[in-house]
Structures are given as structure tokens and as C-alpha cells.
Participant: 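Take this structure first; my questions come after.
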There are 2 protein chains.
Amino acid sequence: MQDSHASATTQKTIEETIVSGILSARIRPGTRLSENQLATLFGVSRTRVREAMMRLETRGIVHVSPRRGWFVVEPSAEDAIAVYEARRVIEAGLLRSMRSLTDAGHEALAAHLNEEKGALASGDRQRLTYLMGDFHIRIAELSGNGILVDILRDLTARTILISMLYQSEFHAAQSHDGHCRIFEAMQAGDFVRAAELSVEHLDEVEMGLDLTSRPDPLSELRNSLSLPPRAVSPVSQPFRPKKP
Amino acid sequence: MQDSHASATTQKTIEETIVSGILSARIRPGTRLSENQLATLFGVSRTRVREAMMRLETRGIVHVSPRRGWFVVEPSAEDAIAVYEARRVIEAGLLRSMRSLTDAGHEALAAHLNEEKGALASGDRQRLTYLMGDFHIRIAELSGNGILVDILRDLTARTILISMLYQSEFHAAQSHDGHCRIFEAMQAGDFVRAAELSVEHLDEVEMGLDLTSRPDPLSELRNSLSLPPRAVSPVSQPFRPKKP
DNA sequence: CGTGGCTATCTTGCATACAAGACAGAAAAG
DNA sequence: CTTTTCTGTCTTGTATGCAAGATAGCCACG
């Protein structure tokens, strides 16, 4: 799973390598992903690198700036809000739909929370970041629904990119507490409460972001010129006079 | 949007064309999508067709059988159940998270339901299929969350493929009623009720499926031999002797 | 000192060429 | 007549080549 010098027989490992690099906060938002570099790194031609990039693009993890390069996405403040909103909707809906916690599920979550505790004590920040995101994926896995797991994995990856951009400080202990409370509610069979706690937890994390600062340093200038927030769709931009 | 003989300046139209073809039930599950045919049809080379296929594959709409070809997915019974489960989770979560129905939203839904009514009267089945799926996408659009819209669009596409495989008869009138009831609850500001109705509605549609018949005609044989349900992941298949 | 333009180089976009597997149909063997 | 094998054809898999845009650095010019 952590194959640094990828072997020659690589198939979709390149995609997974990048995603897991993001999930463990080793790859920062805005990182340039050169087709050539990845090709030599993985011992394949650009063709397959390109395929991986295309897939990552549809997963919302990477984007291409034409003739300039591929970059790990740098979610805007609006993107960040949308990601958290989507996660609240899906995770709360997921917990509400649950009816019981199996023994295997109980064990998996307990083991995970124990790992969180250990990482918290050791202060391994990368591992902590990974575990904090993975908790939510583990919950999705309890549902046995692979579709929701995939969706939440990609959203979690984006969440981590967001936190790398906007999170001033990492309240890991607080997050861990939130996870524990969710687990307790699930243990008690109160999945409605677990859903509420999940929403609160995501709210907390989102509130811990500073969505006014980091990216797009031109935002102030942009605002003062009353230009559109971002170039989302290059087509059908209404005419906008330069000087009123 | 419905460019039959696609122009030379086609970028991601090929992807959208296929998806919209599915959404309007013009493309059946299992349809073979030849790279060469699509390439000549769209006036591009295989390279770009391939890129579109890769993207559609990560969206769960198409799959490739190595050296045999690309095919529109034929969801298994398990897939079907998972898709409906995911839709219930997300759509219910979405409605529960709503706080008010704007005037624009009211108008959009009312107009849509009117279209449904018209199609129901005229008996245009393809149009009806499209509209029945689109209703749920419209609701997602009300949230203003593009992430959820994209997710639900892909799930809706899969739902339509599922209904083409397993739905013996199309209870369009019943679905339309369900949509109307959801709309009424939203108008009343009772989004919890709307979420419940949405779950019931999806349950109804799912119950209308016959998940034992159509696809994988070998399922009976497979069961009687107690073989695994489907070849999902070719790797890490445990050894299985041919003759016990 | 500042500014505009030119070029060298690096990037992706896209098409094409070739390799290799899968399949169908004919031909041969029983 | 049935079965098997072989071969031609069609499919995707992958690499490579070339074109065109973007960028940075340099140089000339004001």
C-alpha cells in the first residue's frame, strides 16, 4: 500500500498512490503533477499517466490547466463549503439509515479509535491526519455500500486538501473526542443521535477553518474590481466592461 | 445539446452525449461502445474516445472487458440494491438539510411536475423516463451544491440502466404521484416529511423491480454450484478447484 | 532603470503505429 | 455428423511522434 518506488507492473497504482498520498497529507494542494515525471517515476509512458489523471480529474482531485500542467486541486472557499455540506448530508443520511451495529463493526471502530488515541499520544501528525479522515470512511464501510464508500473517500481526500489550505491549527484531540461520541451513540443504538453528532462534528471542523485567507491571493483585488469569484466555466461568460 | 452529427470541435461532448443517451433511455445496458465507431462518429481519434471512456468508467457508467470492448454497465442485483440504498441515503439527507424552498425553486419544481404531467398524458415513454429521473436531480439543484448534483446525476443514470434491466412495467403515474407528494411537503416547509416520502418513493420503485430475472442468465447454475456471485475483482481470488 | 518583444524550452493535446489478446468461421480430423 | 484446431480479423493496450500553446529569460530599445 505504501510502495514508494513503484514497481514496473503498475496498473492503477498510480491513481491510488496519489490519492493515498493526499489522504495522508503528504501531497499538498496545488502540487504540480508532471506527466513526464510521473511516467519515468512509474516506469510507464505518458499515456497511462494521462489516463490516471483523467480519472482523478473526474473524481475532483486533480485539475488540468491547459498546456500548463496537472495540479492537485486547491479548493476555493466555496468548494470547501460545498464539500462539508455534501459530507454532512451523506454521513448524516448514512448514520440515520443504520439499524444496528454488528460485532465486527463494533470491533473495527473500537480498534480504529484506539489507533487514533495512539497517534494522538505519539504526535505523528501525518498519521493523525490520515486516521481522522479514515474514521468516516470506516463508518461508511459498515454500511457495506461500496458506492457510498467511494464517494466519501473522494470527499475525504478533498477535505484533507481543504484543511491543508485553510486550517490554521489542528485540533486533533477535539476531533478524536467527536469520533468517540459518535461511536458511543452508535453503540447505544441511537443512530439518530449519531447522525446529529456527526453533523456537529463536521460543523466544528468547518468552523475551525479560516475561509478568508490563504488561496487566491488576488481575492481582495478581485473583489475590489467586482470581478467574478473564479474562472469556473470559460464558456458563456457574459460581457463585462472593463471600465464602467 | 442534442447534436447528432457531432461537430469537429467536440471536447467532452462525447461523455455527455452518452450520459444523456442513458438518462433518456436511448442507450440500453450492455450496449457495446466501440472505440473506433465512436471515433469516426465524433470525428476524433481513438485517443479522445478512450479518455471519455475512462472518465465514464470512474463514474460507474461504463466498464471495459479487456481486449473485448467497452460496454454500458449492466448492474447486478446487488449493484441495484446498493444504488437505491445510496440514493435513499443521499436524497433523504439532502431534503432533511433543507430549510426553505425559494420562489425560484418552487417555480422550477412546479414547471417540472407540469412537464411530467404532459409527458404522462402524451405517453412519450422516453421523455417520461428522462423526466422521472430528472426530478431528483432538480431537487439536488435546489441545494446549490454541485457535488451532490453530480453524484445524483450519475446515480440516476445507473438507476435508469437498472430499470431497463429489471423493471417489468413502468408505473409512471405512481412515480409522478410520489413526486407531487414530495413537492407538497416541501411547499409546506416540512422537509423531514419530504425526506420520508422520498425514501418511500424510492422504496416503491425498487419494490417494482424484479431482481431475480434478467441479467446473468447463469445465476441459477452459478448458485447451484455455489460459486461467487460475480467476478468483481480479478485479483486476490482465492484458489478454487475446478472439480471437488 | 523600466519596458516590450523575441526565442528557446517545456508543457500538454491529439493522432497514429504497432503489439497482443479474443473471437468467429472455416477446415481438417475423428 | 461432431469435435478440434487453426487462421484471419477485430478489438483494446500502450508507446511514440509531432504540433501548438505557455512560460521564462534574455536582449534590445526607449
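Chain naming here is simple, since letters A, B, ... match the order of the sequence lines and numbering starts at 1 in each.
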Participant: From CE of B:M54 over to P of D:dT14, roughly how many Å is that when rounded to an integer?
Facilitator: 8 Å
Participant: Given B:E91 and B:H136, is the side-chain hydrogen bond (donor to acceptor under 3.5 Å, both in side chains) satisfied, shown in steps?
Facilitator: CA-CA 8 Å; B:E91 295 188 32; B:H136 299 262; 2.6 Å; yes
Participant: If you only use heavy atoms from C-beta on, which nucleotide in C:dC14, C:dT11, C:dA19 is closest to the side chain of A:R32?
Facilitator: C:dT11
Participant: Could you check how far CG of A:N36 sits from P of C:dC10, rounded to whole Å?
Facilitator: 10 Å
Participant: Nearest of D:dC18, D:dT12, D:dA19 to any side-chain atom of A:R46?
Facilitator: D:dC18
Participant: Name the nucleic acid region contacted by B:S34, choosing base, sugar-phosphate or nothing; use a 4.0 angstrom heavy-atom cut-off, strictly under.
Facilitator: sugar-phosphate
Participant: When the distance from CG of A:L38 to C1' of C:dT12 is rounded to whole Å, what number comes out?
Facilitator: 13 Å
Participant: Does the side chain of A:S45 get closer than 4.0 angstrom to OP1 or OP2 of D:dA15 through an N or O atom?
Facilitator: yes
Participant: Starting from the 5' end of DNA chain D, give me the residue, B:S65 or A:T47, whose nearest nucleotide shows up first.
Facilitator: B:S65
Participant: Per the side chain to side chain donor-acceptor pair (under 3.5 Å) rule, what does the pair list look like for residues 123-133 of chain A, sequence neighbours excluded?
Facilitator: A:E115-A:R127
Participant: Please pick, from C:dC23, C:dT11, D:dT23, the nucleotide with the shortest atom-to-atom distance to any side-chain atom of A:R68.
Facilitator: D:dT23
Participant: Among residues at least two apart in sequence or on other chains, which ones pass salt bridge (Lys or Arg N to Asp or Glu O under 4.0 Å) with A:D79?
Facilitator: none
Participant: Is A:R67 near enough to C:dT11 that one of its side-chain N or O atoms lies under 4.0 angstrom from OP1 or OP2?
Facilitator: no
Participant: Within this structure, what is the CD-to-C1' distance between A:E51 and C:dT12, rounded to whole angstrom?
Facilitator: 15 Å
Participant: Whole Å only: how far is the CD atom of B:E35 from the C1' atom of C:dC14?
Facilitator: 14 Å
Participant: Taking atom C1' of C:dT12 as reference, at what distance in whole Å does atom CD of A:E57 sit?
Facilitator: 12 Å
Participant: May I ask you to decide whether B:D150 forms a salt bridge with B:R59, counting only side-chain N to carboxylate O separations under 4.0 Å?
Facilitator: no
Participant: Would you call B:R138 and B:D134 a salt bridge, taking side-chain N to carboxylate O under 4.0 Å as the test?
Facilitator: yes
Participant: Tell me the interatomic distance from A:R48, atom CZ, to C:dC14, atom C1', rounded to whole angstroms.
Facilitator: 19 Å
Participant: Find the distance A:W70:CH2 to D:dA22:C1' and express it as a whole number of Å.
Facilitator: 16 Å
